Structures are given as structure tokens and as C-alpha cells.
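Order of the sequence lines fixes the chain letters, A, B, ..., with proteins taken first and strands second; residue numbering starts at 1 for each chain. The analysis underlying the following values was restricted to heavy atoms, covering all of them including side chains, and did not include hydrogens, waters or symmetry mates. All values derive from a computational prediction rather than experimental measurement.
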Protein chains: 2
Amino acid sequence: MSSKAYQLSNKYYYGSDPILVAVDSIIFGFDYHEEKLKILLFKRLVEPFSGQWSLIGSFVKPHESADASAYRILKELTGLSNVFLEQLKCYTETDRDPGARVMSIAYFSLIQIEDHNDELINLHGTRWFDIDSIPDLVLDHNKMVREALEHLRTMVRRKPVGFELLPNHFTLPQLIKLYQEIYQKPLDDRNFRKKIHSLGLLKKLDKKDKSTSKKGAFLYKFDQKKYMELLEKGFNFEL
Amino acid sequence: MSSKAYQLSNKYYYGSDPILVAVDSIIFGFDYHEEKLKILLFKRLVEPFSGQWSLIGSFVKPHESADASAYRILKELTGLSNVFLEQLKCYTETDRDPGARVMSIAYFSLIQIEDHNDELINLHGTRWFDIDSIPDLVLDHNKMVREALEHLRTMVRRKPVGFELLPNHFTLPQLIKLYQEIYQKPLDDRNFRKKIHSLGLLKKLDKKDKSTSKKGAFLYKFDQKKYMELLEKGFNFEL
DNA sequence: TCAAAAGTGTTGGGATTACACCCATGG
DNA sequence: CCATGGGTGTAATCCCAACACTTTTGA
């Protein structure tokens, strides 16, 4: 019985009441063909509500941190390991899960849709959903999605995390479309370019992407060093 | 046995491993006589490390949310109930507490030092410490304090929470000193006044506080409605 | 009358907004 | 050669930072 291991290590806190702890990840991706921000969902595996759409999650195991748990489940379902993943918020209402007293730590993740392993995706029945047509999810997961989306909108103004959603080489039109989709409003093309260039974050490549126009749009990558610097100290990216 | 109640409600998740969950609150106060930002600590009541300085915390009980737990312990130790309290971050490293596998949800609180009940403070052996001379704390509590302080500095630029640390009636010199203490840098007096007035958050009273000068400084209170509005939508308060 | 803290405005520079046309190319 | 999307510059405005003197009054 697995709770035995736990009991053994509890030398001190007799009489205190342990609680089940889960992690649930809100995983964002940007489909730049459709120009849509999406989140990754799967069908819940356990009762109650088995088979219903759910955030991707797992119970936290005795010998792993919550971070490790969130990384583990993300790796299992997408094959990805070097991704942007951070803790968002802990949901602790006593009645949030009718199955038991379960707390959930929500994680916020940004991934590049193209990178993930399609076989794994199919294997586990995960699916990308447009953020404006998320189905009814189990428990309080719809609330988690709403709050994660707010977090994304706030965050993108302070840190250059938008890039986590784009492929390594991307064009400015793609970048602009991403920000428009996140902010849910049209942005001025010229001012956006001016601002993004002024950050010194972009490295222009020689190649062009001609998949969307005859003229072709220059590809860029971002300067890893500058990126880290800005991630650390933040910036102000109001538009 | 209290864990029985828990077992009873766990109809579904057999074989999953529950974890002890605690809350720990980083409680900030501003002593405007000393012009110092402080945090409230107490001496830990349980082994291991009983008697050492610690953040104020408690285990989360089976029938309370983590928020309720944090409010409960704050009320017990300070007598205060209408305070600014929000969840900060969950600490989940497996080895963070040698006593057992315990997660801790850190809470961030801002209170008005004068409001709290001195008798309770004395009764529980709590004490205010300058943020620049925090003693060694149990477990990872020093880390929590550092991160909470960073959070305060970030937050104060986006939301008008500074007021939570001041008495209901306060003077502009007090407010400026508070911000200087939080930002840890001198601020331009005239620009600060201009900016704070432009927010439309302050209501000037007829009274003056003459405790710090012969001329006396006008007392202000803040406009609750405007405050709520700005708390909701945020602002930019770079200085 | 003077010391000590409170209060008050202006100006220059940098950033942000609004806005319209030329460019390159494949079909 | 033309339709389509990619790319560029400037002027007006707003916001922010820097900066020094006057006011009040109790001792």
C-alpha cells in the first residue's frame, strides 16, 4: 500500500490530515496557420467523470515535487521536455472534487505546437481546442483556463514569453498575429515592428518564408541572451 | 482519528498518496515611525525545530480551504479579519521538511500594524522584524520571505496595494516614505505627489497631522470606490 | 526669528500614437 | 502586369524626469 511509505516518513506530525494533491496544466499553443491560440486537453482517465474533457493532470506522487509531476505528465503526453512551465495557482476548495478532498496546483505552459509528437498525441486522445471554444471541462477546470488566459495576457506585457509559442524561425507577420490573438485586438503594424526592433531581441535571417506571399517575409530568430535578460528583468510591452 | 473523515470521503482515488499541506503567511506591516517595512514572525510550536523563528502557519484542516486556513491563523494571532491576503505560491520540494512530506502554500498579507491586537501578539510570542534583518527561519521560510518581497515590489507597481499598509488616515509624507522603503530608493517628492493625485485615489481631509512638523501635513484617506476600480484593472506606477 | 518639514510648477526630451504609400514577386 | 501581402517614416501629442524655492509655525 503506497500510503505506507508516506506514513514511515511522518515522524512528527501525528494527527494532521493529509490531502490528495494533483497538478493540472493549462498548455497553450499557437496555430499560426489558423492564427488561433489553442489549449491542449485530454479525456480524463479516472472516475468520477472518466471520459470527459479535462486539463492534463496527474496526482503528485510521494517522491516527486509538483513541478516534477507537471513535467512528467507533459512529457508523457506530448514528448516535450524543454518547455516553458510555471506554477500558476493552487485550487483548494474542499468541495472542488466530489471524488475526495483533492487540491490541485495549476501549471501554465507555453509550447510550440509543431514540436510535439503526433503519435503520442493520438495515443492519449489529446486534442487542441481554440480558446474561444473550450468544451465543458471536469471540476473547476474551466475556471483554471479562464484564469490562465488572464495570466497569459498580463504576462505577455511584462515578459517576452510570446516567443515560446512560435517556432524557432518565425516571421514578423506571424509574431504580430500571435500578439493580436492574445490581446484580442488589432495592432498597428508599423508601431509593433518599431517597438519589437527597439528591444534588440530579434535576429534577422537571410531566409524568407514564402508560404504566405509572393514577396516572402523575412525569417527571424530571437537572441537567446537578450531574451534571458528581458525574461529576468521584464519590460513594458503595452500596445 | 481525524484522517478517518478523509478516508471516508475518498470514494474513488484508492492507491493515490495524500500529502500534508500547510499554509505559511508572509505578513507585511509598515512602521511609519521607524519608516521600516516589517514582517510578522512567531516561534514554531511543533517539532522538528520547535521554538525557532518561523512564518506564521498551520496545517490545512480537512474541512477548510487553504484560504480559510490562512485567514484562521492570521485571525488567531493578530485578531484581524478584514485584511489583504492572497495566495502567493506553493512550495512542494519533497525534502523541504525533514519531519514529513509537507507542501506549503505561501500566503501574502498586508496589514496595518496599529490595528492588530497587542495582547494577542504578546500571547503568541509573535514579533515584528525589519525586512533587512530577518533571522534564520525554519525550513524554506527565508526563501518564501525573499520571494514575497519581490512580489510586493512587483505588485505595488501594478495595483494600489500600498494603502493596505497605512492607517485609514495618512499623510503624503508617510505614503512617500512607504514607497521609498518598498522600492529601496529615494523618490522625487513633487513627481510622486503629481502622480498620486492624478490617479484620483486620494481624498484630502481638513485635519492635519502635526506629530512630525510644526507646519503639519494634511491627512488623506483613499476613495474606496476608486481603489476597488484600480485594484481590479491595475495601473502603471513606475517611479 | 529661525529651523524643519510641507507643499508647489515648469520645461525639455523621449516615447507613443496615428496614419498612407512603395516594394517584390509568382502567376 | 497586376494582385497580394511585406515592408517602411514622420509629425503631433503625451508622459516622465529633472529640478529649487516658498510656506507654515512652534520653540
Might you work through the ring pair (Phe, Tyr, Trp, His ring centres under 6.0 Å) test for Tyr107(A) and Tyr71(A), ending with a clear yes or no? CA-CA 10 Å; Tyr107(A) 276 78; Tyr71(A) 274 113; 7.9 Å; no
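- Using a 4.0 Å cut-off between charged nitrogen and carboxylate oxygen, Arg72(A) and Glu76(A) count as a salt-bridge pair.
- Here the side chains of Val161(B) and Val156(B) are in contact, with some heavy-atom distance below 4.5 Å.
- Between the P atom of dG7(D) and the CD atom of Gln174(A) lies a distance of 11 Å, rounded to the nearest Å.
- Screening Arg153(A), Arg146(A), His151(A) for a side chain to side chain contact (heavy atoms under 4.5 Å, CB included) with Leu149(A), the sole residue that qualifies is Arg153(A).
- With a 6.0 Å cutoff to the six-membered ring centre and a 45° limit on the axis angle, Lys89(A) counts as a cation-pi contact of Tyr91(A).
- One interatomic measurement links the two molecules: CD of Glu238(A) to C1' of dC15(D), which rounds to 14 Å at whole-angstrom precision.
- Each of Lys38(B), Lys36(B), Gln184(B) was checked for a side-chain hydrogen bond (donor to acceptor under 3.5 Å, both in side chains) with Asp132(B), and the lone residue meeting it is Lys36(B).
- Atom CG in Leu187(B) sits roughly 14 Å away from atom C1' in dA18(D) (whole-Å rounding).
- Atom C1' of nucleotide dG6(D) and atom NZ of Lys210(A) are separated by 12 Å, given to the nearest angstrom.
- Seen from the ring of Phe218(B), Lys208(B) counts as a face-on cation partner, given the 6.0 Å and 45° thresholds.
- First and last contacts of DNA chain C with chain A, using any nucleotide atom under 4.0 Å from a protein heavy atom and ordered 5' to 3', fall at dT16(C) to dG26(C).
- In this entry the distance linking NZ of Lys195(B) with C1' of dC16(D) reads 8 Å, nearest Å.
- Applying the ring pair (Phe, Tyr, Trp, His ring centres under 6.0 Å) test to Phe163(A) and every residue at least two apart in sequence or in another chain returns Phe170(A), Phe222(A).
- We find that CD1 of Ile196(B) is positioned 17 Å from C1' of dC15(D), with the value rounded to whole Å.
- Projected onto DNA chain C by closest heavy-atom contact, Lys177(B) and Asp188(B) fall at different nucleotides, the more 5' of which corresponds to Lys177(B).
- One atom, CD1 of Ile176(A), and another, P of dG6(D), lie 9 Å apart when rounded to the nearest Å.
- Contact annotation: the side chain of Leu55(B) approaches that of Leu41(B) to within less than 4.5 Å [non-hydrogen atoms, C-beta and beyond].
- Rounded to an integer number of Å, the gap from NZ of Lys194(A) to C1' of dG7(D) is 14 Å.
- Contact check of residues 211-218 of chain A against DNA chain D (heavy atom, cut-off under 4.0 Å) returns Thr212(A), Ser213(A), Lys215(A), Gly216(A), Ala217(A), Phe218(A).
- Dashed line: the shortest gap from a side-chain N or O of Arg190(A) to OP1 or OP2 of dG7(D) is not under 4.0 Å.
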